[in-house]
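In what follows, a single structure is set out as C-alpha cells and then discussed.
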Amino acid sequence: MALTSKLQMGDCVSDAQFRQFRIFNEVDLKRIRPLLNQCRKERLKAGDVMLRPEFGNSCMYLLLSGRVAVSLESLDASPLLELGSGECIGEMSVFDGRNPSAYVKAVEPCEVLVIESDTLWLLIDSSHSLCRNLLYFLSNRLRSGNDIVVVSKSREKKQEHAANVDALTGVNNRRWLLDMIETLHGQALLEQMPMAVLMLDVDHFKRFNDTYGHKSGDLVLQMVARTMRKSLRPSDMLARYGGEEFVVLLPRTPAKQARAVAERLRKAVERCQITAEQGQELPSVTISVGVSPLADNETIETAIELADQALYQAKHNGRNRIEIRP
C-alpha cells in the first residue's frame, strides 16, 4: 500500500466521523475508544494503491474522506465500482487470511483509518454491536458481489449470443456453425448416427436486389430464414453461411429423409409471399438445395463442400430444385 504523509500522533478520529460508518451504528464508542485511538490515520494521493491481489493484507481501512476505485482484472481496467467516505475496505482478507480479491486505488486524495488485524479482533471481542454490524455489512457485500456476478454473466451471455447470431435473420451465423462442427467432432457424435448437410441459397438473389432494392432483399432473407426455422425439427441446426447462402445440419437423418427435408424447405419457401414496408407485394422467390449425406469416416467440412457442389449443379440444371451429391 503506497501511503504518504502520516498525520500527527494524537490527531484522533471524532465520534461524528465514526458514526458515518455503518459498522459503528449503535456501538458504545466510549467503550472501544482506547482501541480506536491505537489506530493510525494515513493520507493517500490520487493514484496511490491501497490493495492489490499480488500482496497479502492484514488491515481493515475506514475511508474517512475521498474516493477509491475497485477493479478486478488490473489497475488499468475499468473500475467495477467506486467507494466513498464511510466505506470499509480490506476486511474480507483480514477475516479469511487470503490475499485481496481486487485492486483498490485512490482516485482523489483520501484519508483512511488503518485498523490492524489484532486490533480489529479485539474490537469485535469488546462490542457485540460492532460484531453484529460487521456481519450485516459483510452479508450485504456478499449479496452485492453475487448481483455483480449475475449481471456480468448476463452481459457475457448477451455478448456471446450476439457473436453467434446473424443480426439480420436471427438464425445462427457461420462462426456458430464452425464452433458446432468442432463440438460434434470432439464428441464423436458422427460415429453414432447418420447425418446430412443441406446447402441452399436464394435463386437470382442479385437480380432481385438490383430490381427491388436491398431493403426488399433483406426481407427475402428474413422470410427464408423464418420459413426454414418453422419447417425444421428442434434438433436440426440452421445457420446463415454468408450472403444468401444457408447451411442446415440434419442429425439422425439418412439420405432419403434428408432429401425429403430439402424438398419440404423448397416448397415452403416457394409458397411464401413477401410484402414490402410500403405494403407492396413482391414476387415470390425460390431456393436451390444441395444435399450431402455424410459418408463413412467423412468430416462435416467435406460434406459441406460436396453439398456446395450439389447446389451448383442444382442451379446449373435450372434452379428451384434439389440435387444430391454424386
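Heavy atoms only: backbone and side chains are in, while hydrogens, waters and symmetry mates are out. Numbers for residues simply follow the sequence, beginning at 1.
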With sequence neighbours left out, write down each residue that passes ring-ring contact (aromatic ring centres under 6.0 Å, His included) with [X], or none if nothing qualifies.
X: F55; value: none
X: F205; value: none
X: Y212; value: F208
X: F21; value: none

Under 4.5 Å between side-chain heavy atoms, counting indirect links through other Ile/Leu/Val/Met/Phe/Trp/Tyr residues: same cluster for [X] and [Y] or not?
X: W121; Y: M92; result: yes
X: L306; Y: V248; result: no
X: M223; Y: F246; result: yes
X: Y312; Y: L200; result: no

Salt bridge flag under 4.0 Å for residues [X] and [Y]:
X: D210; Y: K206; answer: yes
X: R22; Y: E87; answer: yes
X: R43; Y: D48; answer: no

(Q) So for atom CZ, which belongs to R31, do other residues, nucleotides or ligands contribute more than 12 heavy atoms lying within a distance under 6.0 Å? (A)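 No.
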**Q.** N297 atom CG, over 12 foreign heavy atoms within 6.0 Å
**A.**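 No.
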Show me, pair by pair, the donor-acceptor contacts under 3.5 angstrom made by side chains of residues 319-326, not counting sequence neighbours?
unit_1, atom_1, unit_2, atom_2, d
N320, OD1, R266, NH1, 3.0
N320, ND2, E270, OE2, 3.0
R321, NE, E323, OE2, 2.9
R321, NH2, E323, OE2, 2.9
E323, OE2, N317, ND2, 2.9
R325, NH1, S292, OG, 3.2
R325, NH1, P293, O, 2.7
R325, NH1, E298, OE1, 2.7
R325, NH1, E298, OE2, 3.4
R325, NH2, E298, OE2, 2.9

Q) What residues, two or more places apart in sequence or in another chain, satisfy salt bridge (Lys or Arg N to Asp or Glu O under 4.0 Å) together with E73? A) none
**Q.** Atom of V94, atom of S58 and distance for their closest heavy-atom approach
**A.**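 Closest approach of V94 to S58, heavy atoms only: CG2-C, 3.8 Å.
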Q. Rounded to the nearest 0.5 Å, how far apart are OG of S65 and NZ of K41?
A. 8.5 Å
Q. If you measure from CD on Q38 to CG on D118, what distance do you get to the nearest 0.5 Å?
A. 10.5 Å
Heavy-atom donor-acceptor pair, [X] side chain to [Y] backbone, under 3.5 Å:
X: Q273; Y: S284; value: no
X: N133; Y: S129; value: yes
X: R240; Y: L221; value: no
X: D201; Y: E245; value: no

Q: Pick out which of T119, V114, V112, L62 makes a side-chain contact (heavy atoms from CB on, under 4.5 Å) with C39.
A: T119
Q. Under 4.5 Å between any side-chain heavy atoms of L36 and V13, yes or no?
A.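 The answer is no, as the side chains (C-beta and beyond) never meet within the 4.5 Å cut-off.
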(Q) Side chains of P251 and D236, heavy atoms from C-beta outward: is any pair under 4.5 Å? (A)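 A side-chain contact under 4.5 Å exists here.
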Q: Run the numbers on R33 and D15 for side chain to side chain contact (heavy atoms under 4.5 Å, CB included), then give the verdict.
A: CA-CA 9 Å; R33 172 60 72 174; D15 286 1; 2.3 Å; yes
Q) Without hydrogens or angle criteria, can the side chains of Y103 and R52 be said to hold a donor-acceptor pair below 3.5 Å? A) no
